Every structure is written in structure tokens, then in C-alpha cells.
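Just below is one structure, and these are the notes that go with it.
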Amino acid sequence: MKTIRVCVGSSCHLKGSYDIIRELERLIRQHQLDQQVELKAQFCFGHCTKPVSVKIDEKGPYSVDKDKVEDFFRQKVLGED
Ligand code: FES
């Protein structure tokens with residue numbers, strides 16, 4: 001089981017945390033990973049000046065742009081390059 005944590009602190013929220021959460025939910029469903037990937041919201045990872053902070057298990061935080069969620073998902077969740 002992988003856990004993806006998306007920052008919903010005020011700075012990341014303004015940069016689109018909820019759009020990223022929705023997109024990640026869609027990708028998890030599309031790849032039928034509901035049983036393997038858990039999605040959670042969390043407050044501030046201390047990287048507020050960067051794009052939205054996302055952690056996967058203990059890795060990260062990665063900075064994810066709203067329009068690059070699918071690339072991020074493919075690389076970090078599916079393990080594609
Ligand atoms: S608000 Fe997201 S890292 Fe601080």
C-alpha cells in the first residue's frame with residue numbers, strides 16, 4: 001500500500017491542491033489502484049514557496065504543478081520513466 005499525501009496548507013491550496021487531489025483520484029481509479037494507493041490531505045510540509053507539495057510514503061516532498069499531475073503519477077506511482 002502506497003500513501004500519497006497532498007499538502008492542503010494555505011499556500012498549496014491557492015496553487016491548486018484540490019485540483020491535484022481530484023486528478024490523483026481520477027488516475028487511481030483509471031488504473032484500478034484503489035486497493036494499493038491511499039490518498040490523504042495533510043497540512044504544510046514547509047515548502048510553501050514551491051508548487052504544491054506531495055509526499056509518497058516517506059519520499060518527498062515533491063513539488064507538483066497542476067498540469068503535470070499525470071506525469072508525476074506515471075513516474076512516482078506507476079514507476080514509469
Ligand atoms: S502550504 Fe504546502 S508546503 Fe506549506
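Whatever order the structure lists them in is the order used to number ligands and atoms, beginning at 1. Predicted, not measured: the structure shown is a model, and the values here were computed from it. Quick note: numbers below take in every heavy atom, side chains included, and nothing from hydrogens, waters or symmetry partners.
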So, is C44 placed with an N/O/S atom under 2.8 Å from atom 4 (Fe) of ligand 1, counting both backbone and side chain? yes

Can you list the ligand 1 atoms lying under 4.0 Å from a non-hydrogen atom of C7? 1 (S), 2 (Fe), 3 (S)

Tightest non-hydrogen contact, residues M1 and D57, listed as O-OD1, 4.2 Å

Taking 4.0 angstrom as the limit and counting only heavy atoms of S53, give me the atoms of ligand 1 inside it, by number and element. 3 (S)

Quick check for you: to the nearest 0.5 Å, what is the distance between L27 atom CG and R74 atom CZ? 7.5 Å

Looking at atom 4 (Fe) of ligand 1, is one of the N, O or S atoms of C48 less than 2.8 Å from it? yes

Report yes if the side chains of E70 and R26 come closer than 4.5 Å at any heavy-atom pair, otherwise no. yes

Is it the case that more than 12 heavy atoms not belonging to Q32 sit under 6.0 Å from its CD atom? no

